[in-house]
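For reference, the structure is listed below as structure tokens.
These numbers come from a predicted model, not from an experiment. When a residue number appears, it is its place in the shown sequence, counting from 1.
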Amino acid sequence: MMHSCPCNVFQKVAGIIIGKTDVKSFPDRKNIGMDRFTFGFTVKDSPDFFINVSTWGNDAYVNGLASSFNIGDCVTIENPLVATKDLEKGDRFCPATPSHYRLLVTEAHSQVCLCADMDTIDRLLPLIHLPVKDSRDFYSLGDIVANGQKLDGSVINILAAVKSVGYFKQFTTSDGRRGQRLEVRLFDDSVSSFPLVCWDREAIQLIQPLIPRETVLFIADAKISFDSFRSSMVATVNSKSIITVNPDTREASLLFSYAKEVSESGALDQDDMPEDVPVESITDVYTVSQLMQKAQENPEALFGITYSFISKLDLDSSVSKVIKTRCSKCKFLVTEDLNSCTNQLCPGKDQIVSATTGFDLLVDFTDHTGTLHACSLRSPVAEKALGCTTEEFISLTDGERTAMKWKFLLERCKIYVKIIPSPKLKSGIRGMVLDCSLADPGEVKQHMSALLQQRL
């Protein structure tokens, strides 16, 4: 085992890569005007033991070696040098390991290559799903939010599901250095959205392809800090962090089940209340195609106005399809005669159900550029738009409901809408109506002319 070798040279190590840093360069003190290059990675060969490996050398050697394998690859390391860890120097920036030693790979003595033995690969692959810390030793997102700035600067473990993955952004600093950034939104059963920021290209490559709402992460040694711009806490992946994707643990399995249930319920699409952005502050006008295009380019919520026709509004369906009751905590549909939520993963499943009843419609709106399907129109927005309460609607005759439907159907409306990512839907996006009213013809003409000028 690699944790128990006090010798200076270790003949061979086979393990799976569970962490890796970007290549960095430093001025070479021995050769003025030259740079030395380095990067590190963490390799695991059994459930309980893993070790850090570093390499130094010239540009061609180090970058060539770094590009030859990725996190999740099984490798064989031949003739690495063995050194005692120095926690006062470079090792304090590396992942914490159970070994007192670290390995050093050099161009003159060592070789790293992808493992070719299938029996070894089959033995190593399951290790990628085992967290490097105790699976019960983590903060929930609710714990982080509750502690707030008390955790500023702390390094902690986090277990959370991926809600959305942002776009990879590259930039150049004022002193000419290139950098990159990726922001991921996490959630669990206590918090519906929490930011995780990645600056390291290797971490970005690991996280960017993950499937939102179907992936759970155990992040060992994430840094927690207070973001004054957002006035909230944020987690950051750093050089000490090890990210385990879809951990093989009981805690992760429970969270995965919760993520699947709450995603299918639509609760994640409704967790950001429209009041977060006042309707009067929304001024950008879009065609339907522009809304869909911009929403697909933007991982965050998009707010806008569209002057469109409502092409589907099923007010004359059965009342049970127009007015629904949902659990206040998890947003699952419930029936009024139940005293508790039927969602076994609901945070309030053992309590008397707290439910809200209101309009719960899916509407389509269409203009000359296309149709946005299945947009959510719920109370209280629906009550304001329709001009009646749920109680008044229930008392209407079938003819009166049909008349209300045709008041809006195929009429040009001014619709304030919020568009959010929704990987479960074929379109990849979901719309939420924040306000809707019949449009003023003069206002429509003015804005449609402006949109036409933009196209020209």
Side-chain angles (χ1 to χ4, degrees), residues 163-169 182-183 185 208 211-213 263 266 268-274 276-315 359-378 381-382 384-386 405-456:
K163 181 179 182 181
S164 64
V165 179
Y167 284 91
F168 175 61
K169 299 177 181 179
L182 180 75
E183 181 166 318
R185 288 282 169 170
Q208 196 170 23
I211 302 175
R213 310 183 187 202
S263 178
L268 288 177
D269 298 331
Q270 302 294 333
D271 55 26
D272 297 320
M273 297 299 290
D276 289 347
V277 176
V279 168
E280 57 269 19
S281 71
I282 302 173
T283 57
D284 292 333
V285 178
Y286 301 98
T287 63
V288 169
S289 65
Q290 287 174 335
L291 274 174
M292 293 190 291
Q293 181 180 350
K294 284 186 174 293
Q296 289 167 346
E297 294 172 352
N298 187 357
E300 302 296 331
L302 172 69
F303 296 87
I305 301 170
T306 181
Y307 292 90
S308 299
F309 298 95
I310 292 184
S311 50
K312 180 181 179 182
L313 180 64
D314 293 334
L315 290 179
F359 287 107
D360 203 326
L361 295 159
L362 293 177
V363 301
D364 295 352
F365 49 86
T366 302
D367 68 3
H368 63 289
T369 65
T371 298
L372 191 56
H373 297 280
C375 296
S376 173
L377 175 61
R378 293 183 177 179
V381 175
K384 178 184 176 184
L386 298 175
K405 168 182 175 177
W406 282 100
K407 177 185 175 183
F408 288 92
L409 202 63
L410 301 182
E411 291 288 342
R412 178 86 72 173
C413 294
K414 182 179 183 180
I415 304 169
Y416 291 80
V417 66
K418 174 182 180 180
I419 310 291
I420 54 179
S422 185
K424 290 288 184 181
L425 296 182
K426 185 178 180 180
S427 65
I429 57 176
R430 184 189 296 272
M432 299 167 58
V433 177
L434 306 183
D435 193 66
C436 178
S437 60
L438 295 176
D440 176 78
E443 190 177 343
V444 172
K445 183 178 180 180
Q446 176 185 349
H447 285 287
M448 296 306 291
S449 297
L451 287 173
L452 182 62
Q453 289 296 322
Q454 290 177 13
R455 294 180 63 183
L456 295 176

inquiry  = For Lys445, is there an ion pair with Glu443 - N to carboxylate O distance below 4.0 angstrom?
reply    = no

request  = Mind checking side chain to side chain contact (heavy atoms under 4.5 Å, CB included) for Lys169 and listing every partner two or more places apart, or none if nothing turns up?
outcome  = none

message = Give me the atom names and distance for the closest heavy-atom approach of Val285 to Gln290.
response = O-OE1, 4.3 Å

request  = Quick one: list whatever passes side chain to side chain contact (heavy atoms under 4.5 Å, CB included) with Thr371, sequence neighbours left out.
outcome  = Ser311, Asp364, Thr366, His373

task = Would you give the length of the straight line joining atom OH of Tyr286 to atom NZ of Lys294, rounded to the nearest 0.5 angstrom?
result = 5.0 Å

inquiry  = Among residues at least two apart in sequence or on other chains, which ones pass side chain to side chain contact (heavy atoms under 4.5 Å, CB included) with Ala439?
reply    = Tyr307, Arg412, Lys414, Val444

request  = State the CG-OH distance between Asp435 and Tyr416, to the nearest 0.5 angstrom.
outcome  = 6.5 Å

message = When you measure from the side chain of Thr369 to the backbone of Ser289, do you find a donor-acceptor pair of N or O atoms at a distance under 3.5 Å?
response = yes

task = Determine, step by step, whether Thr306 and Leu291 satisfy the side-chain contact (heavy atoms from CB on, under 4.5 Å) criterion, reporting the C-alpha distance in whole Å, the side-chain angles of both residues, the deciding distance to 0.1 Å, and the verdict.
result = CA-CA 8 Å; Thr306 181; Leu291 274 174; 4.0 Å; yes

ask   = Taking side chain as C-beta onward, heavy atoms only, is Val363 less than 4.5 Å from Lys312?
value = no

message = Looking at Arg378, is its backbone amide N or carbonyl O close enough to the side chain of Asp360 to form a donor-acceptor pair, meaning the two atoms are under 3.5 Å apart?
response = no

request  = Take Phe365 and Cys375 through the side-chain contact (heavy atoms from CB on, under 4.5 Å) test and state the conclusion after the steps.
outcome  = CA-CA 8 Å; Phe365 49 86; Cys375 296; 3.4 Å; yes

request  = Might you point out which heavy atoms bring Ala295 and Ile429 nearest each other, and give the distance in Å?
outcome  = CB-CG2, 3.9 Å

key: Leu386 side chain near Leu315 side chain, heavy-atom distance below 4.5 Å   = yes

